[in-house]
Structures are given as structure tokens and as C-alpha cells.
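Order of the sequence lines sets the chain letters (A, B, ...), proteins ahead of strands, with each chain counted from 1.
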Amino acid sequence: MRVTVPHEWPHSVDEAAAIQERLRPLVRAADLGTGPIRTVAGLDVSYAEGSDRLAAAVVVLDADTLAVVEQVVAFGEAVFPYVPGLFAFRELPPLVEALEMLTTLPDLVVCDGQGVAHPRRFGLACHVGVVTGLPSIGIGKTAMNPFEAPGQERGASSPLVDNGEEVGRVLRTQDGIRPVFVSVGHGLDLAEACAWTLRLSPRYRLAEPIRLADHLGRQALRAPTS
DNA sequence: GCGACAG
DNA sequence: ATCTTGTCGC
């Protein structure tokens, strides 16, 4: 797929935050009116130990069977430091590169990190959704805000609140396993994001697209030829 | 002022 | 994110 990214790139933390503020209005927190979702792409970036080398992995799954349809890896180097709240500027470049290698145009994108559950309501999943135009979901493994634990059963959830507003859900994807933090990225609402997250997590804590992308990225980095 | 802070 | 040993379970 082709991804159109603004040519500008932040050279400072302040510039990065300003870009997030400017792009935030482009987020659609409700149904984008797209067609049926038949394929789902999972995104993840893995890092090497001693260097800045990284591998961005994208795995596309059939939405019904969860069978792998396509998978790609883009190698690169980190161009932005890890700063909480500016995480997207670290992972977006290699992820876009990987997305552009795809032959398949996914109908939904699932990101490893927050969507609108972000201090400026523009986490990685929102950024990916806006630059691709695709519906996207953010699934974080940890929260940026304090929260109350949901029930112990798979499917149980509680609100993720920031400044008095519900920005996401704390969602239990497996019985008795610590929950994940779901938020809207772009083009769908929170209820749909949670429903998809559950459907995409039939067996493990993490949704299959992300879990497989994580595996692919690590394996690629450890490969001799990488 | 200090620490905490998606991955 | 990554660093780590063994261990329990399918």
C-alpha cells in the first residue's frame, strides 16, 4: 500500500508535540463508513541490543480465520529517542516503510501502543490511522493512567480515564490474565475497538496480529543475514 | 522540586 | 524495547 506522510519531521520534542496537536483533529473516533473488514494488519517494532538497528514487522491476517495472509519486515535505525508521549516518532518511520511493502491493503490496523489514550489524544495508533487513512486500534500492554482492575473473566472491562474523560478501556482478553489497554486509533468507536480486540485474542493476552508481528520482528533481527 | 511516564 | 534461569505445561 502507499502511505502519504507529511514531509516535515520534528527536530525537537516541542516540534513533535506540536505536530500531534495539529494532526489530532484528523482523528475520527467513530465508524469511518468503510466496507467490511476482511483483513487485519498487526504492527510491531523490535530493537537490537547494542545498536540502533531495528526491525518493523507487519503481519496481515484474515479477519475470520486469523490465518496469515502476508508478512513483511523493514530494517532500519532509530531516528528519534524514546520519549513517553512521543513514541510514534520513534516507530512510525519504519512502520510506514513496512506498510509500503505490503501487497495487501488491510482493512484494519492494530498497533502495539496507545491510540487516543494519550496525553494529547494522539498516540501511535492515531498517527498510523491518520497517515494511512485506515481504521486503527491501539492496544497497550501498560497504561499511561491509573485505573481500576476489571473483572477476572475474559471480556470484562473497566474505563480508562484521563482528565475525567473515558479515553479507552482496560480489557481482560483471557481469564485471570492481566488486561490490555484498548483505545481508538482512527475510524471506529471504542466499543468496536474492544470487540475486535477480543475477537483477535482467542488464546493469548495479546491480539494475534500484534503477537505475530512481534515474533516476526524478533526473528528477523536475530537472523544471520539481517 | 522530584519522580513517573506507551515501547 | 532489551537484559536474564529455570520451570511448569501442553
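A/Gln152 places no side-chain N or O within 3.5 Å of a backbone atom of A/Arg172 that could act as its donor or acceptor partner. Without hydrogens or angle criteria, A/Arg154 side chain to A/Ser201 main chain gives a donor-acceptor distance under 3.5 Å.
If you check every strand for non-hydrogen atoms under 4.0 Å, A/Leu160 touches nothing. Base contact: A/Gly123 has a heavy atom under 4.0 Å from a base atom. No contact: A/Ala48 has no heavy atom under 4.0 Å from any strand. Among the protein residues, A/Tyr47 comes within range of the sugar-phosphate backbone only, with heavy atoms under 4.0 Å from sugar or phosphate atoms but none that close to a base. At the heavy-atom level, A/Gly138 lies nowhere under 4.0 Å from the strands shown.
Between A/Leu171 atom CG and B/dA6 atom P there is a gap of 19 Å when expressed in whole angstrom units. Rounded to whole angstrom, the span from the CD1 atom of A/Ile210 across to the P atom of B/dG7 amounts to 10 Å. Atom CD in A/Glu49 sits roughly 20 Å away from atom P in B/dG7 (whole-Å rounding). Residue A/Arg218 contributes atom CZ, which lies 13 Å from atom P of C/dT4 at whole-angstrom precision. One atom, CG of A/Asp112, and another, C1' of C/dA1, lie 10 Å apart when rounded to the nearest Å. When the C1' atom of B/dA6 is taken as reference, atom CG of A/Leu206 falls 13 Å away, rounded to whole Å. Rounded to a whole Å, the CD atom of A/Gln20 is 19 Å from the P atom of B/dC5. Nucleotide B/dG7 holds its C1' atom 16 Å from the NE2 atom of A/His127, rounded to whole Å.
Where A/Asp214 and A/Arg203 meet DNA chain C, the nucleotide closest to each residue was compared, and A/Asp214 sits on the side nearer the 5' end.
By the 5.5 Å and 30° criteria, A/Tyr82 is stacked with the base of B/dG7.
Not counting sequence neighbours, A/Glu77 has no partner by the salt bridge (Lys or Arg N to Asp or Glu O under 4.0 Å) test.
For residues 121-178 of chain A, the set of pairs meeting the ring-ring contact (aromatic ring centres under 6.0 Å, His included) definition, not counting sequence neighbours, comprises A/Phe89-A/His127, A/Phe122-A/His127, A/Phe147-A/Phe181.
Phosphate contact (OP1/OP2 of B/dC5, side-chain N/O of A/Thr142, threshold under 4.0 Å): absent. A close approach under 4.0 Å does not occur between any side-chain nitrogen or oxygen of A/Arg90 and OP1 or OP2 of B/dA6.
The pair A/Asp44-A/Arg211 fails the salt-bridge criterion, with no side-chain N (NZ, NE, NH1 or NH2) lying under 4.0 Å from an Asp/Glu carboxylate O.
In the set B/dG7, B/dA6, C/dT2, the nucleotide with an atom closest to the side chain of A/Pro84 is B/dA6.
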